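Below you'll find the structure, written out as structure tokens, and then a few comments.
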Amino acid sequence: MSYVDRIARLRITLNDTEPPIWRTVEVPLTTSLKGLHEVIQAAMPFEDYHLFDFRVGERRYAIPAPKFDGPETRDAKSTKLGLILERGATEFVYTYDFGDNWQHTVTVEEVTEADPAVAYPRLVAGERRAPPEDVGGTWGFEEFVEAMTKPRHREKKATLEWYGGPFDPAAMDREAIEAAMSKLTQRRAIGRAAFSKGRRH
């Protein structure tokens with residue numbers, strides 16, 4: 001499989017959420033797993049200040065920390081998405097923030113040729129708003145949503161102050177997601193231009 005000019009359409013579902021919080025994105029196969037982490041952060045969106053890992057079968061990919069990770073942890077910076085798909089992966093798990101433990105199932109919907117007129121990565125579709133950072137995992141998020149959506153909830157005022165404003169769990173924040181995605185597409189475009197310029201010299 002040639003990775004160049006090919007993309008994967010991925011469906012990312014935040015586990016243990018009902019109704020499910022999910023996103024569909026299109027990502028170049030040349031993207032590293034570190035880069036895919038950044039895409040998922042942009043797509044939910046999260047704020048990217050916690051650790052993460054990917055579990056693909058028995059393999060773990062992360063940013064290895066010598067004090068804690070042994071040789072069995074592979075480097076997410078140097079592993080391409082195309083490589084794990086080439087090995088037959090059709091579904092894998094992404095975990096963000098080992099405290100709140102946000103586990104996501106990433107499903108490969110299709111691999112296809114990239115459209116030259118489209119900037120990647122990009123958000124294709126999705127539903128519902130992602131949890132705020134440090135809300136306390138699945139149970140904390142359920143309590144947070146209840147406090148924010150019930151008019152007479154005893155914790156409503158404190159929760160509003162903690163979050164900094166209202167929260168609509170049904171509304172995906174498309175504007176924030178597209179702004180974050182735009183930064184990634186711009187960075188990729190700059191990288192591709194620099195690579196092409198280097199090859200000409």
Side-chain angles (χ1 to χ4, degrees), residues 1-18 20-114 120-126 130-131 133-138 141 177 180-181 183-185 187-188 191-192 195:
M1 179 194 297
S2 172
Y3 305 160
V4 178
D5 299 324
R6 291 175 69 79
I7 59 158
R9 177 173 285 201
L10 307 175
R11 183 179 171 110
I12 302 149
T13 304
L14 181 55
N15 297 353
D16 302 319
T17 55
E18 187 58 45
I21 297 168
W22 62 272
R23 307 286 185 261
T24 299
V25 298
E26 290 180 341
V27 184
L29 295 191
T30 52
T31 304
S32 69
L33 292 185
K34 170 65 162 55
L36 179 56
H37 154 75
E38 293 171 349
V39 171
I40 297 172
Q41 289 290 303
M44 295 312 288
F46 288 120
E47 296 178 34
D48 195 11
Y49 58 79
H50 293 289
L51 299 175
F52 73 93
D53 70 12
F54 289 92
R55 302 275 180 165
V56 186
E58 298 298 314
R59 297 173 185 257
R60 177 178 186 262
Y61 300 87
I63 305 301
K67 283 188 177 181
F68 306 106
D69 295 317
E72 71 279 0
T73 297
R74 294 161 171 83
D75 193 343
K77 288 182 181 178
S78 58
T79 304
K80 302 296 185 189
L81 174 62
L83 177 64
I84 67 169
L85 302 192
E86 192 175 69
R87 290 173 173 163
T90 57
E91 189 172 278
F92 50 95
V93 176
Y94 165 76
T95 301
Y96 171 65
D97 182 358
F98 303 141
D100 279 7
N101 196 37
W102 297 118
Q103 294 190 358
H104 307 68
T105 297
V106 182
T107 304
V108 183
E109 293 192 332
E110 67 174 335
V111 175
T112 187
E113 297 293 326
Y120 299 101
R122 69 167 176 167
L123 175 74
V124 177
E133 294 277 9
D134 302 324
V135 76
T138 303
F141 183 48
I177 293 168
M181 283 287 187
K183 291 180 181 178
L184 297 181
T185 59
R187 189 197 306 170
R188 179 170 181 262
R192 284 166 64 92
F195 178 74

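Note that the structure is a prediction, hence the values are computed from the model and not measured.
Note that OG1 of Thr73 is 14.0 Å distant from CZ of Phe54, once rounded to the nearest 0.5 Å. Atoms CG and OG1, on Asp5 and Thr112 in that order, are 11.5 Å from each other to the nearest 0.5 Å. With rounding to the nearest 0.5 Å, the separation of OG1 in Thr24 from CG in Leu123 is 8.0 Å. The distance from the CG atom of Leu51 to the CD1 atom of Ile63 is 9.5 Å, given to the nearest 0.5 Å. Residue Lys77 holds its NZ atom at 9.5 Å from OG of Ser32, rounded to the nearest 0.5 Å.
Under the 3.5 Å distance criterion, with hydrogens and angles disregarded, no donor-acceptor pair is assigned to the side chains of His104 and Tyr96. Checking Asp134 against His50 by side-chain atom types alone, a donor-acceptor pair falls below 3.5 Å. With 3.5 Å as the limit, one finds a donor-acceptor pair spanning the side chains of Thr105 and Asn15.
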Exercise. When you look at Leu10 and Tyr94, which way does the side-chain contact (heavy atoms from CB on, under 4.5 Å) test go after all the steps?
Worked result: CA-CA 12 Å; Leu10 307 175; Tyr94 165 76; over 6 Å; no
Exercise. Run the side-chain contact (heavy atoms from CB on, under 4.5 Å) check on Glu133 and Tyr49 step by step: do they pass?
Worked result: CA-CA 9 Å; Glu133 294 277 9; Tyr49 58 79; 3.2 Å; yes
Problem set entry | Worked check of side-chain contact (heavy atoms from CB on, under 4.5 Å) between Val25 and Met181 | CA-CA 10 Å; Val25 298; Met181 283 287 187; 3.9 Å; yes
Problem set entry | Criterion side-chain contact (heavy atoms from CB on, under 4.5 Å) on Leu29 and Leu85, from CA distance to verdict | CA-CA 9 Å; Leu29 295 191; Leu85 302 192; 3.8 Å; yes
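The stretch residues 45-56 participates, sequence neighbours left out, in these salt bridge (charged side-chain N to carboxylate O under 4.0 Å, His left out) pairs: Asp53-Arg55, Asp53-Arg60.
Residues forming a side chain to side chain donor-acceptor pair (under 3.5 Å) with Tyr120 (at least two apart in sequence, or on another chain): none. In this view, Tyr61 and Arg87 satisfy the side chain to side chain donor-acceptor pair (under 3.5 Å) rule, not counting sequence neighbours. Qualifying side chain to side chain donor-acceptor pair (under 3.5 Å) partners for Glu91, counting only residues two or more places apart in sequence or in other chains: Thr107. Arg11 pairs by the salt bridge (Lys or Arg N to Asp or Glu O under 4.0 Å) definition with nothing, not counting sequence neighbours. The side chain to side chain donor-acceptor pair (under 3.5 Å) test applied to Asp75 returns no partner, not counting sequence neighbours.
Considering only heavy atoms from C-beta on, Trp102 comes within 4.5 Å of Val135 through its side chain. Contact check for Gln103 versus Asp16: no side-chain heavy atoms found under the 4.5 Å cut-off. For the pair Phe92 and Ile84, the minimum side-chain heavy-atom distance is below 4.5 Å. The shortest side-chain heavy-atom distance between Arg187 and Glu38 falls under the 4.5 Å cut-off. Arg23 places a side-chain heavy atom less than 4.5 Å from the side chain of Ile177.
When all heavy atoms of Pro121 and Thr185 are compared, the pair lying nearest together is O-CG2, 3.0 Å. The heavy-atom pair separating Arg6 from Val111 by the smallest distance is NH2-CG1, 3.6 Å. Heavy-atom minimum distance, Met44 versus Ile21: CE-CG2, 3.7 Å. Of all heavy-atom pairs spanning Leu184 and Ala42, the tightest one is CD1-CB, 4.0 Å. The nearest pair of heavy atoms linking Leu36 to Thr31 is N-CG2, 3.5 Å. The minimum heavy-atom distance between Phe52 and Phe98, with the atom names listed, is C-CZ, 3.6 Å.
Between the side chain of Asp100 and the backbone N or O of Gly136 there is at least one donor-acceptor pair closer than 3.5 Å.
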